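Here the structure is laid out as structure tokens; the discussion comes afterwards.
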Amino acid sequence: MHIRGDHAELVVGGRLDVRSAADARTVLHTAVDDGVGDLVLDLSELDSWDATGLGVIMGVHRRAGRCGRRLVLRDVPPQMQRLLVATRLHRILAIEGGIGVESLPRV
């Protein structure tokens with residue numbers, strides 16, 4: 001897993017899972033704490049995430065809200081969009097451009 005960027009926009013790549021969750025949480029929380037306005041997470045390079053990785057995203061979302069910021073997900077890969085829809089988290093998280101639920105392939 002790799003994360004690059006600043007306190008306003010970060011690119012997350014690789015696997016966001018139980019092995020990388022602690023490091024990702026530290027980097028993302030620091031970005032939230034050090035910035036103002038929207039924090040954009042570009043997920044275009046993310047290969048996969050598991051329940052732990054999704055928990056990290058939700059924790060960052062909550063932390064951003066407490067800091068008066070908004071977490072915005074950008075370029076969410078299709079398989080991760082399906083997970084967000086299945087868990088109904090697409091209704092809670094800000095997703096740039098939204099998720100076209102009707103256009104997602106059925107699994």
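Note that the structure is a prediction, hence the values are computed from the model and not measured.
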Spell out, yes or no, whether [X] and [Y] are grouped together once hydrophobic residues are joined by side-chain heavy atoms under 4.5 Å, including indirect joins.
| X | Y | answer |
| --- | --- | --- |
| L89 | L28 | yes |
| I95 | V72 | no |
| V18 | L43 | no |

Practice task
Mind checking side-chain contact (heavy atoms from CB on, under 4.5 Å) for S48 and listing every partner two or more places apart, or none if nothing turns up?
Solution key: R15
Do [X] and [Y] make a side-chain contact, defined as non-hydrogen atoms from C-beta onward lying under 4.5 Å apart?
| X | Y | result |
| --- | --- | --- |
| L83 | L54 | yes |
| V12 | D42 | no |
| D38 | L71 | no |
| L41 | I57 | yes |
| E45 | H2 | yes |
| M80 | L46 | yes |
| V56 | W49 | no |
| L73 | L84 | yes |

Using 0.5 Å steps for rounding, measure from the [atom1] atom of [X] to the [atom2] atom of [Y].
| X | Y | atom1 | atom2 | value |
| --- | --- | --- | --- | --- |
| R82 | H90 | CZ | NE2 | 14.0 Å |
| D34 | H29 | CG | NE2 | 12.5 Å |
| H61 | R66 | NE2 | CZ | 10.5 Å |
| L39 | H7 | CG | NE2 | 9.5 Å |
| I3 | S20 | CD1 | OG | 8.0 Å |

Practice task
Run the salt-bridge test on E9 and R4 with the 4.0 Å N-O cut-off and return the result as yes or no.
Solution key: no
Practice task
Determine yes or no for a side-chain-to-main-chain donor-acceptor pair under 3.5 angstrom, with R70 supplying the side chain and A64 the backbone.
Solution key: no
